[in-house]
Student: 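Take this structure, written in structure tokens, and hold onto it; I'll ask about it next.
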Amino acid sequence: MKKKSSIQDLAIFNGTPIFSEALHVGRPNIGNRDKFFARINDLLDRRWLTNDGPFVRELEQKLANYLDVKHCIAICNATVALEIAARALGLHGEVIVPSFTFVASAHALQWQKITPVFCDINPMTHNIDPAKIESLITPHTTGILGVHVWGRACEVDALSAIAKKHNLKLMFDAAHAFACSLNGQMLGRFGDAEVFSFHATKFFNSFEGGAVTTNNDALAQKIREMRNFGFAGLDTVVEVGTNGKMSEVSAAMALTSLESLDEFIAVNQQNYLAFKRGLADIPGTCMVSYDEEEKNNYQYIVVEIDEQSTSVHRDLLVRILHAENILARRYFFPGTHQMEPYRSYFPNAGLVLPVTEKLTQRVLQLPTGTALKQGDIEKICELIRFSFAHAEELQYQIERR
Ligand code: T4K
């Protein structure tokens, strides 16, 4: 990296980025290509391309074993998986969900005319705050949808107790949380059902894909039927269903990813530790950290920037990083309640979401994964440190432009 010794050396001023090729958040990890291509040959030879094929079945079995859960039903993506699981659980009316999540969590409900009722989060965990749930329960509430944000588990015991007390269903959006644990048990076995995403941007991917996991036999059966138009036999349709099937190509990719899972996690962990070292002690910043007692996928390098104690606002830092070709993201900005249709439906939702409102202004996600090259993280950290060291000067220059 050409040393940035004055702020005029920043690409935001002189147009010359540190990285000639963009570094993306969510760059996919790719497993062994030969094994993947061999699987593609197999499925072509078999002429079995989708509809509960052998790769899908193998994947479901392997994932259920890995997660130590009775049933794993592979689905075409996590959004459809959330929709199917919510429907199979009989959710209707209102469901309590955090706003600090990807918009798909709420959309999966709204798509079925279920009203998402947004709940605030715990500022330490970024997950739904159990203490704020009960005041949101009404006679129309039928469920709670927790999200294990950044792969860090929700307070499952507290949520289960509330669900039990009020006779509500409890579901988890575990899109971020494949290969993560709570008290040593893999996520995937909690609540009535959990939903994973294997989208390309997730550390373990099947191009597009997802799964519902559950220990409930009847629910699993229902989800399998709903995934396949409601078919319960060759000519028998027992209820309304959709097309939520995973293709064999996706399952082939997932099986190949699974073989490299340990490597992906190890690389993510090394990256996470390198970012921790590189960003340590920058006043006004703090990195989301993972509990080393648990299993983690270390996929999310999330920095919180406290606008009170530094003059580098998160959005200015994003501009600086983007100019240098480091395509940091503001997940989850501006919060689901600020997106349509929720913004119009609930214009005052922000009043009861103070922690969410604050966090969406502060978070920043940095690139990680196997696509990063040696030295990239050090360059990113050096740039961030440099930006903070020259905060006031930078602010002054930007305002003058
Ligand atoms: N619940 C939660 C908590 C979630 O985070 C998500 C998905 C879901 C539910 C729903 O899961 P799925 O139905 O998708 O299975 C991306 C992903 O599309 C989405 O899956 C993910 N969360 C979300 C957090 O991120 P966008 O709109 O931000 O994607 P996009 O196109 O801007 O790409 C993100 C970054 O990844 C870019 O920097 C480019 C890079 N990228 C992306 C793809 C697809 C690549 O480098 N290669 C690629 O192939 O939503």
Side-chain angles (χ1 to χ4, degrees), residues 19 21-31 73-86 95 97-111 116 118 121 125-128 145-154 171-178 180 187 193-213 227 242-247 249-251 253-254 257 288 297 299-302 318 321-322 325-336 339 356 359-360 363-372 376 380:
F19 294 98
E21 268 179 47
L23 301 187
H24 289 274
V25 169
R27 206 82 178 136
N29 292 322
I30 313 288
I73 304 112
I75 309 276
C76 55
N77 61 57
T79 307
V80 172
L82 284 166
E83 287 166 13
I84 294 176
V95 169
V97 60
S99 164
F100 190 74
T101 175
F102 190 58
V103 71
S105 313
H107 275 356
L109 301 170
Q110 187 65 49
W111 193 253
F118 295 115
I121 49 172
T125 65
H126 299 182
N127 283 331
I128 193 165
L145 174 56
V147 184
H148 304 304
V149 173
W150 318 135
R152 301 191 304 179
C154 289
M171 247 175 83
F172 290 104
D173 176 339
H176 291 190
F178 183 66
C180 301
L187 297 181
E194 302 211 50
V195 169
F196 293 95
S197 170
F198 310 138
H199 182 260
T201 53
K202 302 294 182 263
F203 90 104
F204 165 81
N205 88 83
S206 63
F207 298 126
E208 290 272 2
V212 186
T213 54
R227 170 184 76 167
T242 185
N243 183 352
K245 290 171 276 116
M246 179 184 271
S247 75
V249 171
S250 280
M253 185 64 169
S257 296
V288 159
N297 61 36
Q299 169 70 3
Y300 300 93
I301 306 294
V302 182
V318 169
L321 291 167
H322 279 212
N325 245 339
I326 304 159
L327 303 187
R329 296 294 295 257
R330 297 184 294 180
Y331 293 123
F332 297 108
F333 174 82
T336 306
M339 295 173 166
T356 302
L359 193 63
T360 56
V363 275
L364 165 72
Q365 202 172 313
L366 294 168
T368 184
T370 52
L372 286 188
D376 286 352
I380 297 170

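What you see is a predicted model; the values in this text were computed from it and never measured. Order of listing sets the numbers, starting from 1, for every ligand and every atom in it.
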Student: Could you identify the single nearest non-hydrogen protein atom to atom 43 (C) of ligand 1 and state the distance to 0.1 Å?
Tutor: Thr201 CG2, 4.1 Å
Student: Measure the spacing between CE of Met253 and CG of Asn205 and express it to the nearest 0.5 Å.
Tutor: 4.5 Å
Student: Enumerate the atoms of ligand 1 whose separation from the nearest heavy atom of His24 is less than 4.0 angstrom.
Tutor: 37 (C), 38 (O), 39 (C)
Student: Report the nearest protein non-hydrogen atom to atom 48 (C) of ligand 1: residue, atom name, distance rounded to 0.1 Å.
Tutor: Pro28 CG, 3.9 Å
Student: Begin with the C-alpha distance, continue with both residues' side-chain angles, and end with the deciding distance and a verdict on side chain to side chain contact (heavy atoms under 4.5 Å, CB included) for Leu82 and Met171.
Tutor: CA-CA 9 Å; Leu82 284 166; Met171 247 175 83; 3.7 Å; yes
Student: Ser206 side chain to Ala251 main-chain N or O, any donor-acceptor pair under 3.5 Å?
Tutor: no
Student: Write out the residue and atom name of the closest protein heavy atom to atom 2 (C) of ligand 1, then the distance separating them to 0.1 Å.
Tutor: Ala175 CB, 3.4 Å
Student: Any idea how Trp150 and Tyr300 line up, ring-wise: parallel (<30°), tilted (30 to 60°), or perpendicular (>60°)?
Tutor: tilted
Student: For atom 11 (O) of ligand 1, what's the nearest protein heavy-atom neighbour? Residue, atom name and distance, please.
Tutor: Ala78 CB, 3.3 Å
Student: Treating Arg152 as the side-chain partner and Cys180 as the backbone partner, does any N or O pair qualify as donor plus acceptor under 3.5 Å?
Tutor: no
Student: I need the contact type for Ala104 against ligand 1. Using non-hydrogen atoms and a strict under-4.0 Å cut-off, is it side chain, backbone, both or neither?
Tutor: side chain
Student: For ligand 1, which atoms, with element, lie under 4.0 Å from some heavy atom of Gly209?
Tutor: 15 (O)
Student: Checking a contact table here: which protein heavy atom is nearest atom 1 (N) of ligand 1, and how many Å away?
Tutor: Asp173 OD2, 2.7 Å
Student: Taking ring pair (Phe, Tyr, Trp, His ring centres under 6.0 Å) as the criterion, tell me which of Phe204, Phe332, Tyr331 meets it with His176.
Tutor: Phe332
Student: Could you tell me the residue and atom name of the protein heavy atom closest to atom 41 (N) of ligand 1, and the distance to it rounded to 0.1 Å?
Tutor: Gly26 O, 3.6 Å
Student: I need the contact type for Thr79 against ligand 1. Using non-hydrogen atoms and a strict under-4.0 Å cut-off, is it side chain, backbone, both or neither?
Tutor: both
Student: Considering only heavy atoms, which of Gln365, His199, Arg329, Lys202 lies nearest to atom 21 (C) of ligand 1?
Tutor: Lys202
Student: At less than 4.0 angstrom from any non-hydrogen atom of Thr101, what atoms of ligand 1 do you find?
Tutor: 3 (C)
Student: Minimum heavy-atom separation for Val147 to Pro98, with atom names?
Tutor: CG2-CG, 3.6 Å
Student: Could you tell me whether ligand 1 has any atom less than 4.0 Å away from a heavy atom of Ala81?
Tutor: no
Student: Distance below 4.0 Å between atom 38 (O) of ligand 1 and any protein heavy atom?
Tutor: yes
Student: State the OG1-CZ distance between Thr213 and Phe196, to the nearest 0.5 angstrom.
Tutor: 4.5 Å
Student: Show which atoms of ligand 1 fall inside a sub-4.0 Å distance from at least one heavy-atom site of Ser197.
Tutor: 11 (O), 12 (P), 15 (O)
Student: Atom CD1 in Ile75, atom CG in Asn77: separation rounded to 0.5 Å?
Tutor: 9.0 Å
Student: Can you confirm, on distance only, whether ligand 1 has an N/O atom lying under 3.5 Å from any N/O atom belonging to Val147?
Tutor: no
Student: Any idea which protein heavy atom is nearest atom 16 (C) of ligand 1, and the distance to it?
Tutor: Tyr331 OH, 3.9 Å
Student: Is it true that Gly210 lies under 4.0 Å from ligand 1, counting heavy atoms only?
Tutor: no
Student: Please evaluate residues Phe172 and Leu187 with respect to the criterion side chain to side chain contact (heavy atoms under 4.5 Å, CB included), reporting the C-alpha separation (whole Å), side-chain torsions for both, the decisive distance (0.1 Å), and the verdict.
Tutor: CA-CA 9 Å; Phe172 290 104; Leu187 297 181; over 6 Å; no
Student: Could you state the interatomic distance from CG (Leu109) to CG (Leu145), rounded to the nearest 0.5 Å?
Tutor: 5.5 Å
Student: Under the criterion side chain to side chain contact (heavy atoms under 4.5 Å, CB included), I'd like the reasoning laid out for Leu364 against Leu321: C-alpha separation, chi angles, the key distance, then a yes or no.
Tutor: CA-CA 11 Å; Leu364 165 72; Leu321 291 167; 4.2 Å; yes
Student: When you measure from atom 4 (C) of ligand 1 to each heavy atom in Phe332, Tyr300, Phe102, which option holds the nearest one?
Tutor: Phe102
Student: Checking contacts here: is it the side chain or the backbone of Phe198 that comes within 4.0 Å of ligand 1, counting heavy atoms only? Could be both or neither.
Tutor: neither
Student: If I compare all heavy atoms of Thr201 with all of Gln299, which pair ends up nearest, and what's the gap?
Tutor: O-NE2, 3.4 Å
Student: Please list the nearest protein heavy atom to atom 40 (C) of ligand 1 with its residue and the distance rounded to 0.1 Å.
Tutor: Val25 O, 3.4 Å
